[in-house]
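In listed order, ligands and their atoms are each counted from 1.
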Amino acid sequence: MANREFDLIVWGASGFVGVLVAEYLLARYGVGQTLRWALAGRSNSKLEDARRRLATVSRAANTLPILLADSNDSASLEAMAARTTVICTTVGPYALHGSNLVAACVAENTHYCDLSGEVHWMRRMIDLHHERAREGGTRIVHACGFDSIPSDLGAYWLQREMRRRHGVPCSAVKYRAESFKGGFSGGTIASMLNMLGEAERDSAVRSILNDPYGLNPSLAPRGQDGPERTRPEYDPDFHGWVTPFVMAPINTKVVRRSNALLDFAYGRDFRYEEATLITGGKFGFPIAAAVAGGFGLFAAAVSIRPLRELFANVLPSPGQGPSESTRETGYFTLLLLGKHPSDTRRDLRLRIRGDRDPGYGSTAKMLGESAVCLAVDALSSGGGVLTPSVAMGDALLTRLQENAGVTFTEVSV
Ligand SMILES: NC(=O)c1ccc[n+]([C@@H]2O[C@H](COP(=O)([O-])OP(=O)(O)OC[C@H]3O[C@@H](n4cnc5c(N)ncnc54)[C@H](OP(=O)(O)O)[C@@H]3O)[C@@H](O)[C@H]2O)c1
């Protein structure tokens, strides 16, 4: 992979998140300085528009190379993959447009990262490509955005610290979404609706989505975690009510895959779960019940095809997303608890904060840093269809804190 023309290529650079990733790379790394990178997509005119917009921020963007590759043209994808160390893709829905690129990256030994939260498609990529990617030393890393980097690196951080201080892994990790502000893009909505449509048509997709260990190696032993929560519950560890968290069905499976890929370094009985934390004293329960009820109603509504089509028509379309001010004033705060197996005084607590909205401003920075990390850092991981923590671990933790406004801070119990 040495001496390729580019360190990384952003494929999908004309889309909503693709432009944000390119803006981030431009601001942080410039053009033709420490990082050799390029814009790619299927439409030259749209990519030129995107480059013109970037050039209003920094004129250096005018010299960014543009490459053309269409998801339906495998030869164009292989030619693109052969020119770079890493491809960072925001071309989604991934289940519709992503498979040929993963195949091209594995064939060309090109590292890869994306923003997929489409669990059934990630399962397909694992089954098709994990072995060959492992043999070739190629790192294929899904879920490098808000889902699932804070979850996966948060669990990794707690396990690393518990082992370093007390010589044992945490027996369980709880993740609580404490507060967040942001919005949704048309691409995210299209990906979610496509996944639900596939689940409606195909029982095998439904089984993967409903399986807490749906991303684990097929023959790996299963742990004790069960289905996602659907009801509010009082959580004495956080002195508040908890209710379902929308990203939990994705994130929990990614963290469990990390444990399996690490040969169960977190323990075979390790438990991991996520929820939204509702504080608010005596109003905590009614708020939690209302959130759980709303969540259940939304899940029921989007499982009905005509209502899905209605949502697709009224919600943002592909290419659209939260405004700059929503992204700039957005944020997220997460609290994680790592449980010592036998002594609660040794439990560890971690706060993860992001300085932009979770889904776009912060996600673009997390994906950009993942791509740079895969391209230039000396990583000890091998190849395969990996998770962010298994592929990049400490190197990505450092990058996110130094560059991307995502902080990991220990807090007192
Ligand atoms: N995990 C997370 O935290 C997270 C957060 C945000 C987004 N996402 C995911 O990221 C993905 C992108 O979201 P978005 O809002 O940026 O979507 P978007 O604005 O619709 O962008 C999609 C991109 O895909 C390109 N594309 C579509 N069909 C193509 C094809 N046949 N060949 C090559 N390129 C093609 C589009 O190119 P044109 O411009 O030429 O149409 C566009 O650049 C979605 O899957 C979304 O779910 C995940």
For ligand 1, find out whether one of its N or O atoms is nearer than 3.5 Å to an N or O atom of Gln320. no

Assess the residue pair Leu64 and Leu54 against the criterion (side chain to side chain contact (heavy atoms under 4.5 Å, CB included)); give the C-alpha distance rounded to whole Å, side-chain angles, the decisive distance to 0.1 Å, and a yes or no. CA-CA 10 Å; Leu64 273 171; Leu54 293 169; 4.2 Å; yes

For atom 5 (C) of ligand 1, grab the closest protein heavy atom and report residue, atom and distance to one decimal in Å. Gly359 O, 3.1 Å

Could you note down all residue pairs passing side-chain hydrogen bond (donor to acceptor under 3.5 Å, both in side chains) where residues 96-105 supplies at least one of them, sequence neighbours left out? Ser99-Trp121

Considering distance alone, does some N or O of Gly15 sit under 3.5 Å from an N or O of ligand 1? yes

N/O to N/O below 3.5 Å, does that happen between Ser71 and ligand 1? yes

Verdict with reasoning, Phe245 to Tyr175, per ring pair (Phe, Tyr, Trp, His ring centres under 6.0 Å): CA-CA 10 Å; Phe245 177 55; Tyr175 163 117; 5.5 Å; yes

Atom 12 (C) of ligand 1: of Thr90, Leu115, Asn251, the nearest heavy atom sits on Thr90

Could you tell me whether Arg222 atom CZ has more than 12 heavy atoms of other residues or ligands within 6.0 Å of it? yes

Among non-hydrogen protein atoms, atom 3 (O) of ligand 1 lies closest to Asp147 OD1, 2.9 Å

Would you check whether Gly12 reaches within less than 4.0 Å of ligand 1, judged by its heavy atoms? yes

Heteroatom proximity flag, Phe146 to ligand 1, N/O under 3.5 Å: yes

Evaluate Asn109 against Thr138 for side-chain hydrogen bond (donor to acceptor under 3.5 Å, both in side chains), listing each step before the verdict. CA-CA 5 Å; Asn109 285 121; Thr138 310; 2.8 Å; yes

Honestly, for Asp70 the part within reach of ligand 1 (heavy atoms, under 4.0 Å) is both

Could you tell me whether some N/O pair between Phe16 and ligand 1 is separated by less than 3.5 angstrom? yes

Out of the candidates Ser381, Ser151, Ser258, only one should pair with Ser389 under the side-chain hydrogen bond (donor to acceptor under 3.5 Å, both in side chains) rule; please name it. Ser258

Does any N/O atom on Ser43 come nearer than 3.5 Å to any N/O atom on ligand 1? no

Hey, looking at atom 14 (P) of ligand 1, which of Leu96, Asp49, Val17, Asn194 has the closest heavy atom? Val17

Looking only at distances, please establish whether an N/O atom of ligand 1 is found under 3.5 Å from an N/O atom of Pro93. no

Is Arg349 salt-bridged to Glu410, cutoff N-O under 4.0 Å? no

Does the pair Arg53 and Glu48 meet the rule for a salt bridge (Lys or Arg N to Asp or Glu O under 4.0 Å), with working shown? CA-CA 9 Å; Arg53 277 176 55 195; Glu48 282 180 346; over 6 Å; no

Quick one: look up the protein heavy atom nearest atom 15 (O) of ligand 1 and list residue, atom name and how far away it is. Ser185 OG, 2.6 Å

Students should be able to answer this: which protein heavy-atom is nearest to atom 7 (C) of ligand 1, and at what distance? Thr188 OG1, 3.3 Å

In this structure, atom 45 (O) of ligand 1 is nearest to the protein heavy atom Ser191 OG, 2.7 Å

